[in-house]
Asker: 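Got a structure for you, questions after.
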Amino acid sequence: MKQNIQKIKQNDFFTMTEIEKIRNIGIIAHIDAGKTTTTERLLYYTGRISRIGEVDEGTTTMDWMDQEKERGITITSAATTCYWKDYKINIIDTPGHVDFTAEVERSLRVLDGVIGIFCGVSGVQPQSETVWRQSEHYKIPKIIYINKLDRVGADFLKVVQEIEKDMGITCLILHLPIGKENEFKGIVDIIENHAIYYSTDNENNARIEPVPEDMKQEVEFYKTLLLERLSEIDHNIMEKYLEEEPIETLLIKNAIRKATLERKFFPVFCGSSFKNKGAKLLLDAIIDYLPSPIDRGEIIGENPETEGIEKRYPDIKDKISILAFKLFNDIHFGHLVYARIYSGELKQGSKLYNWTRNRKERVLKILEAHGNRYTEIESAKAGDIVAIVGLKGTYTGDTLAPEEDPVILEKMQFPEPVLTMAVEPKTKADSEKVFQSLIKLSEEDPTFKLRVNSETGQTVISGMGQLHIEVLIEKMRRQYNVDAKLGRPEVAYKETVTGEAIGEGKFIKQSGGRGHYGHVVLKIKPSTEETDFIFKSELKGEVIPKEFLPSIKSGVKESVETAGFYGYPVINVEVSVIDGSFHPVDSNDIAFKIAASIAFKDALKKAKPILLEPIMKIEITTPQEFLGEIISDFNTRNGKIEKMEDAGNYKIINGSIPLRTIFDYTTIIRSLTQGRASYIIEPSFYQKVPDEYLKNIIE
């Protein structure tokens with residue numbers, strides 16, 4: 001693909017970039033593993049920034065939001081572009097906190113490769129495992145970087161063993177640390193068979209020396225292990241290894257690259273980003289082992305007109321296809337859409353069609369992002385990740401393509417919110433401002449839901465956790481200059497059915513002129529798939545014309561979302577239209593929509609509905625001396641302990657617990673342990689509410 005060349009302006013010079021030389025990578029990890037610190041070093045050593053920012057000082061490029069600087073955590077995924085050895089690297093730094101998992105999900109959807117960062121002390125933590133599994137859903141090749149090896153308690157090989165065990169993978173150790181903890185002073189490159197020493201706080205001053213004498217045996221062991229594993233997938237290496245012939249470095253690297261792209265093995269690197277050890281070697285690993293858009297191959301979508309399979313290739317000459325993966329309401333540009341160009345070429349002024357929402361769009365500006373700063377570019381081509389101005393009706397997950405070349409790419413799946421809160425303006429005069437601001441926030445974040453309670457008139461918001469909601473309300477306060485009060489947190493309960501039932505709904509009205517006639521019979525039963533609802537038609541003959549089926553589905557959808565037996569949304573239910581009738585004159589869409597809603601409610605009552613509650617996965621880290629108090633309190637909250645591990649003088653408890661029991665847990669755990677214990681939770685699954693609690697919840 002030597003003809004696929006793009007001219008991109010970078011500062012005051014032009015860089016020629018082939019698609020083979022593009023790397024779209026993400027940084028994923030548990031909170032505080034060093035994602036943003038590592039990204040800052042990658043930007044510095046590629047020359048993208050002239051000064052290294054620090055998370056603790058609030059000066060990093062990627063954590064640009066005021067709240068990120070104040071809290072010291074990444075809240076929103078940020079994109080940037082840098083260049084290393086003639087390669088263009090698009091980087092997305094993702095959050096590590098579970099409340100912002102949607103930011104990780106939508107970033108992974110458009111990435112080609114990932115760096116999984118693990119703390120050299122803490123090893124595999126809950127969110128690092130979660131985001132790893134998320135990346136596996138998209139079959140993304142990954143390399144592993146074990147960070148913070150200068151910290152007390154850091155153990156490189158122990159973390160590698162944890163990763164292999166917990167992730168169920170096979171690692172290829174390519175680096176070994178020289179020295180432990182505060183004596184960590186360099187890295188041995190096993191392939192090159194030399195040592196890199198860092199005598200200053202700048203990696204540019206690193207020096208290369210022979211492998212230390214006391215490490216030669218260890219290096220030889222891991223070099224042999226590396227070659228044995230590569231022999232499993234590469235015939236040339238196997239032959240040379242068995243014949244004890246020298247094996248060229250290029251041959252080894254090519255085999256590692258092949259194994260990485262096929263996700264058979266996962267290369268492991270090490271360092272201490274904060275102390276500027278290992279970042280430049282990580283940059284080399286990105287271009288050596290992570291895929292280009294061409295390595296990832298074609299993307300498959302569906303033709304919305306024929307329902308046939310459509311393929312798009314990472315080629316400038318192919319039909320253009322674009323996936324919007326993030327929306328941001330920027331103070332200067334307004335409705336800003338982050339998008340991945342999968343095929344073709346996008347130019348300023350291009351006219352496109354949003355096939356997800358069936359509307360025409362026009363590209364006014366194309367921007368290259370660098371945190372919250374943007375550079376305007378004239379065009380973007382296959383493999384690029386850009387921000388687009390002018391797409392007024394495009395949202396997260398939408399597909400854009402020419403009107404004559406229809407395609408819808410695979411949509412993203414986001415977890416359901418688990419926490420709800422009532423929200424109201426500080427003053428009546430701000431009511432409309434608050435509501436409009438909340439709408440904009442819900443457009444940006446697919447896991448932030450907004451609805452109005454029809455009985456009380458209250459505005460109710462839902463999110464992934466209390467921090468998630470608090471951050472968004474604070475963002476509304478700062479960005480839209482409007483304030484609101486939050487009510488007490490409430491669990492986002494769900495409902496489902498345990499039996500099969502049939503319900504009937506009729507909406508018949510005569511008003512002197514043309515009337516309304518809708519008659520629907522529905523069958524509902526538990527779904528075998530985990531989804532809100534599955535809608536099917538089992539109609540025989542023309543008892544209901546096909547043109548009314550979308551209205552029936554719409555009526556069911558509204559009921560599923562708002563009108564459960566206990567008043568909560570319904571999930572995991574299959575709904576089939578089995579019968580009904582129509583009037584040749586009076587039947588219309590609204591009549592069938594209302595009739596479907598009546599039929600669903602009728603069937604729901606008969607289908608043995610149950611109430612479900614979110615169960616959270618929890619990890620508690622506590623000093624040994626407080627273990628008894630923690631376990632005793634945990635049991636009173638209906639928690640279930642799955643395993644306990646030692647971590648020095650601390651115990652790590654892993655288990656599950658109902659969300660309804662831990663709203664006050666931060667205060668409780670601090671009082672039980674003199675403020676020395678901590679915990680992390682994330683949504684795990686829904687299960688039936690015990691009968692003894694059901695009455696209290698309903699009341």
Side-chain angles (χ1 to χ4, degrees), residues 24 26 76-79 90 92 94-95 100-112 131 134-135 137-140 296 298-305 307 309-312 320-330 335-344 346 352-361 363 369 380 384-403 405-417 439-450 462-464 468 472 529-535 553 557 561 571:
N24 291 316
T76 182
S77 54
N90 295 317
I92 298 183
T94 65
F100 309 106
T101 188
E103 291 289 328
V104 182
E105 184 71 28
R106 58 181 167 192
S107 299
L108 290 173
R109 174 64 181 83
V110 297
L111 293 171
D112 297 322
V131 294
Q134 282 178 282
S135 72
H137 173 73
Y138 295 112
K139 297 181 172 56
I140 301 177
R296 292 286 278 166
E298 77 274 7
I299 188 166
I300 296 174
E302 182 185 87
N303 187 315
E305 295 181 342
E307 297 186 356
I309 292 175
E310 290 281 338
K311 293 183 179 181
R312 295 291 185 269
I320 190 165
S321 62
I322 301 170
L323 182 71
F325 69 93
K326 178 173 176 171
L327 168 66
F328 178 66
N329 288 299
D330 185 77
H335 192 95
L336 194 61
V337 175
Y338 285 80
R340 163 78 187 259
I341 317 294
Y342 277 99
S343 58
L346 179 69
L352 296 170
Y353 196 78
N354 184 329
W355 282 101
T356 307
R357 301 181 188 272
N358 293 313
R359 59 168 290 146
K360 294 179 180 179
E361 294 280 26
V363 176
D384 281 337
I385 292 176
V386 294
I388 303 173
V389 180
L391 308 179
K392 296 181 179 178
T394 295
Y395 300 93
T396 300
D398 290 359
T399 300
L400 296 152
E403 196 166 358
D405 297 314
V407 66
I408 294 181
L409 304 177
E410 181 190 354
K411 293 182 180 178
M412 290 167 264
Q413 301 296 322
F414 296 104
E416 283 295 311
I439 288 175
K440 287 182 179 179
L441 292 174
S442 66
E443 289 173 349
E444 291 183 11
D445 188 342
T447 58
F448 179 66
K449 300 291 176 70
L450 169 69
S462 303
M464 298 306 298
H468 182 209
L472 288 171
E529 300 178 30
E530 290 191 7
T531 182
D532 290 345
F533 78 103
I534 296 172
F535 182 79
K553 182 178 180 180
K557 185 175 185 292
E561 292 174 349
I571 60 171

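Values in this document were obtained by computation on a predicted structure and should not be read as measured data.
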Asker: Kindly give the heavy-atom pair with the smallest separation between Ala369 and Tyr338, and that separation in Å.
Answerer: CB-CE2, 4.0 Å

Asker: Could you check Asp384, Asp112, Asn90 and say which one makes a side chain to side chain donor-acceptor pair (under 3.5 Å) with Arg340?
Answerer: Asp112

Asker: Could you tell me whether the side chain of Ile388 reaches within less than 4.5 Å of the side chain of Leu346, counting heavy atoms only?
Answerer: yes

Asker: Identify the heavy atoms of Gly393 and Asn354 that sit nearest to each other, and give their distance.
Answerer: O-ND2, 3.6 Å

Asker: Are Arg109 and Leu409 packed together at the side-chain level, in the sense that at least one heavy-atom pair is separated by less than 4.5 angstrom?
Answerer: yes

Asker: Between the main-chain N or O of Ser321 and the side-chain N or O of Ser343, is there a donor-acceptor pair closer than 3.5 Å?
Answerer: yes

Asker: Would a 4.5 Å heavy-atom cut-off, applied to side chains only, mark Val110 and Asn24 as touching?
Answerer: no

Asker: Set out, in order, the CA-CA distance, both residues' side-chain angles and the distance that settles side-chain contact (heavy atoms from CB on, under 4.5 Å) for His468 and Asp445, then state yes or no.
Answerer: CA-CA 10 Å; His468 182 209; Asp445 188 342; 2.6 Å; yes

Asker: Can you check whether Ile140 reaches Arg296 side chain to side chain, under 4.5 Å on heavy atoms?
Answerer: yes

Asker: Does Asp398 reach the main-chain N or O of Tyr395 with its side chain, forming a donor-acceptor pair under 3.5 Å?
Answerer: yes

Asker: Could you measure the distance from the OG1 atom of Thr447 to the CZ atom of Arg106? Nearest 0.5 Å is fine.
Answerer: 8.0 Å

Asker: So how far is it from Thr399 OG1 to Glu410 CD, rounded to the nearest 0.5 Å?
Answerer: 10.0 Å

Asker: Would you say that Glu105 contacts Gln134 through its side chain, given a criterion of any heavy-atom pair below 4.5 Å between the two side chains?
Answerer: yes

Asker: Over all heavy atoms of both residues, which pair between Ile408 and Pro304 is shortest? Give the atoms and the distance, please.
Answerer: CD1-CB, 3.8 Å

Asker: Who are the side-chain contact (heavy atoms from CB on, under 4.5 Å) partners of Lys360, not counting sequence neighbours?
Answerer: Tyr353, Glu403

Asker: His335 side chain to Thr394 main-chain N or O, any donor-acceptor pair under 3.5 Å?
Answerer: yes

Asker: Side-chain contact, heavy-atom cut-off 4.5 Å: Leu352 with Ile320?
Answerer: yes

Asker: Does the side-chain contact (heavy atoms from CB on, under 4.5 Å) test come out yes or no for Ile309 and Asn303, once each step is laid out?
Answerer: CA-CA 6 Å; Ile309 292 175; Asn303 187 315; over 6 Å; no

Asker: Which heavy atom of Thr396 sits nearest to which heavy atom of Glu443, and what is that distance?
Answerer: OG1-O, 4.4 Å

Asker: Give me the atom names and distance for the closest heavy-atom approach of Pro402 to Trp355.
Answerer: O-NE1, 3.1 Å

Asker: Could you give the distance from CG (Leu323) to NZ (Lys411), rounded to the nearest 0.5 Å?
Answerer: 11.0 Å

Asker: Is any side-chain heavy atom of Tyr138 less than 4.5 Å from a side-chain heavy atom of Met412?
Answerer: yes

Asker: Heavy atoms only: give me the nearest Arg312-Val407 pair and the separation to one decimal.
Answerer: NH2-CB, 3.8 Å

Asker: Do any N or O atoms from the side chain of Arg359 and from the backbone of Lys392 form a donor-acceptor pair under 3.5 angstrom?
Answerer: no

Asker: Hey, are Lys440 and Glu444 close enough for a salt bridge, meaning a charged N less than 4.0 Å from a carboxylate O?
Answerer: no

